[in-house]
Undergrad: 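Below: one structure in structure tokens.
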Amino acid sequence: IQNVQSGWQPAEEAPAPEPPAQEDPCGECAGTAGLPEQNGPDRGNDLPRLWEEPQPADDRTVRLRRHVMDALEGWQFYRHLAKRTRGTDARMLNSMAADQHKEARKLAAAYFLLTGLRYWPSELLGVPSISSYWGALRNRYQAEQRQENAYRLASDAWEDPDLLALYAALIEGCQRRSGQLRSLLEQDIT
């Protein structure tokens, strides 16, 4: 109150001095060369927005999404089937479920590396319909064979050595699970 009565006013603050310009040590880094444009799909982030496709989806990436979903469905099926049995059968089915889950993670990672989009549709999984244990083993055996063929066809579309190695491992996994299902059926028949 005294300052107002005496007519004293606080001094205006001087603007902060600008920092000295730094020289470009390499001579090539000036500007934003090599950085994503601010108005592109990345908008300065390392990931596109969820609803944006960074590139048009092609048949190969659509197929890769289908493979992720198929592996998750297999994981779900083996988990539910394992609950209907005990002992070594349950342990083998749980191991097969874990194998399918691991494969789904690898496929989802490959999809992310190709597109920049995360794809993990586990919320779309329903409870599998299992009418009989033996019938379920037979159906799953046939599904593993179909999946193996799908992986073979998909691997023909890629030239990338990492994806070719991934598909080779997925094919081996289908063959291993088919053998395990066959052995479960052979043990349970007697």
Side-chain angles (χ1 to χ4, degrees), residues 46-48 50-51 53-55 57-188:
D46 61 343
L47 298 175
L50 289 177
W51 59 88
E53 288 285 338
Q55 60 190 5
D58 64 6
D59 186 44
R60 297 181 309 175
T61 55
V62 170
R63 222 180 310 173
L64 197 52
R65 286 173 67 111
R66 182 69 237 164
H67 295 323
V68 172
M69 188 64 183
D70 289 342
L72 285 172
E73 287 172 348
W75 165 67
Q76 183 85 326
F77 193 89
Y78 286 126
R79 286 183 335 133
H80 283 274
L81 192 58
K83 292 176 185 176
R84 298 186 72 167
T85 189
R86 300 175 195 266
T88 58
D89 288 6
R91 281 191 296 276
M92 185 178 290
L93 290 166
N94 280 320
S95 170
M96 294 163 75
D99 192 35
Q100 286 275 265
H101 193 265
K102 189 182 304 182
E103 288 180 1
R105 286 195 330 254
K106 288 178 181 181
L107 286 160
Y111 183 79
F112 175 76
L113 289 173
L114 288 169
T115 65
L117 299 173
R118 290 197 43 154
Y119 182 68
W120 191 256
S122 59
E123 70 277 356
L124 301 177
L125 294 173
V127 177
S129 173
I130 302 173
S131 57
S132 74
Y133 179 71
W134 283 19
L137 291 177
R138 179 180 181 271
N139 290 339
R140 209 45 226 167
Y141 177 82
Q142 292 171 342
E144 291 291 350
Q145 289 183 323
R146 283 191 305 273
Q147 196 60 43
E148 178 184 344
N149 288 333
Y151 289 152
R152 286 185 193 285
L153 289 173
S155 69
D156 291 341
W158 295 100
E159 295 175 6
D160 181 82
D162 290 335
L163 282 170
L164 292 174
L166 172 63
Y167 277 114
L170 294 171
I171 290 167
E172 287 178 22
C174 288
Q175 291 170 343
R176 183 179 55 256
R177 285 188 300 275
S178 292
Q180 290 172 316
L181 290 166
R182 191 173 46 253
S183 74
L184 284 174
L185 283 168
E186 290 167 355
Q187 291 170 10
D188 287 340

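Values reported hereafter were calculated over all heavy atoms of this structure, with side chains retained and with hydrogens, waters and symmetry mates removed.
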Undergrad: I'd like to check the side-chain hydrogen bond (donor to acceptor under 3.5 Å, both in side chains) partners of Y141; sequence neighbours left out, ordered by chain and number.
TA: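 Partners of Y141 under the side-chain hydrogen bond (donor to acceptor under 3.5 Å, both in side chains) test: Q145, R182.
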
Undergrad: Are R177 and E148 side-chain neighbours, meaning at least one heavy-atom pair lies under 4.5 Å?
TA: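 A side-chain contact under 4.5 Å is absent here.
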
Undergrad: Rounded to the nearest 0.5 Å, what separation is found between the OH atom of Y78 and the CG atom of L137?
TA: 8.5 Å

Undergrad: Tell me the closest heavy-atom pair linking G74 and R140, and the distance in Å.
TA: CA-NH2, 3.5 Å

Undergrad: I'd like to check L93 versus R84 (side-chain heavy atoms, cut-off strictly below 4.5 Å). Are they in contact?
TA: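 No - every pair of side-chain heavy atoms lies 4.5 Å or more apart.
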
Undergrad: Can you tell me how far the CG atom of L72 sits from the CG atom of L124, to the nearest 0.5 Å?
TA: 9.5 Å

Undergrad: Would you say that L166 contacts W158 through its side chain, given a criterion of any heavy-atom pair below 4.5 Å between the two side chains?
TA: no

Undergrad: Any ion pair linking R176 and E172 (charged N to carboxylate O, less than 4.0 Å)?
TA: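 Here E172 does not pair with R176 in a salt bridge, since their nearest N and O are not under 4.0 Å apart.
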
Undergrad: On a heavy-atom basis, which atom in Y111 and which in L117 lie closest, and how many Å separate them?
TA: CD2-O, 3.4 Å

Undergrad: Taking all non-hydrogen atoms of both residues, which atom of M69 and which atom of P121 are closest, and how far apart?
TA: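 So the minimum-distance heavy-atom pair works out to SD-CG, 3.4 Å.
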
Undergrad: Of all the heavy-atom pairs spanning L164 and S155, show the shortest one and how long it is.
TA: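 Scanning both residues, the minimum pair turns out to be CD2-O, 3.2 Å.
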
Undergrad: I would like to know whether W120 and R105 meet side chain to side chain contact (heavy atoms under 4.5 Å, CB included); could you show each step before the answer?
TA: CA-CA 8 Å; W120 191 256; R105 286 195 330 254; 3.6 Å; yes

Undergrad: Donor-acceptor pair, distance only, cut-off 3.5 Å: does the side chain of N94 make one with the backbone of A90?
TA: yes

Undergrad: Testing the basics here: between S129 and F77, what is the closest heavy-atom pair and its distance to 0.1 Å?
TA: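 Heavy-atom minimum between the residues: O-CE1, 4.4 Å.
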
Undergrad: Quick one: does T61's side chain get under 4.5 Å of R65's, heavy atoms only?
TA: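 With C-beta onward as the side chain, the pair stays apart.
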
Undergrad: Do L114 and L163 touch side chain to side chain, with heavy atoms closer than 4.5 Å?
TA: yes

Undergrad: Between the side chain of R60 and the main-chain N/O of A157, is any donor-acceptor distance below 3.5 Å?
TA: yes

Undergrad: To the nearest 0.5 Å, tell me how far Y119 OH sits from L64 CG.
TA: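 These two atoms lie 10.0 Å from each other.
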
Undergrad: Sequence neighbours left out, what pairs pass side chain to side chain donor-acceptor pair (under 3.5 Å) with at least one residue falling in residues 67-77?
TA: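 Qualifying pairs, neighbours excluded: R66-D70, R66-E73, H67-Q147, Q76-R79.
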
Undergrad: Would you say L184 and M92 make side-chain contact, with heavy atoms under 4.5 Å?
TA: yes

Undergrad: Is there a side-chain contact between K106 and L170, using heavy atoms and a 4.5 Å cut-off?
TA: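 Side-chain contact under 4.5 Å: no.
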
Undergrad: Counting only N and O atoms by type, is there a donor-acceptor contact under 3.5 Å from the side chain of S178 to the main-chain atoms of C174?
TA: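 Such a contact is found between S178 side chain and C174 backbone.
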
Undergrad: Can you find a pair of side-chain heavy atoms, one from T88 and one from R91, that are under 4.5 Å apart?
TA: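 Sidechains of R91 and T88: in contact.
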
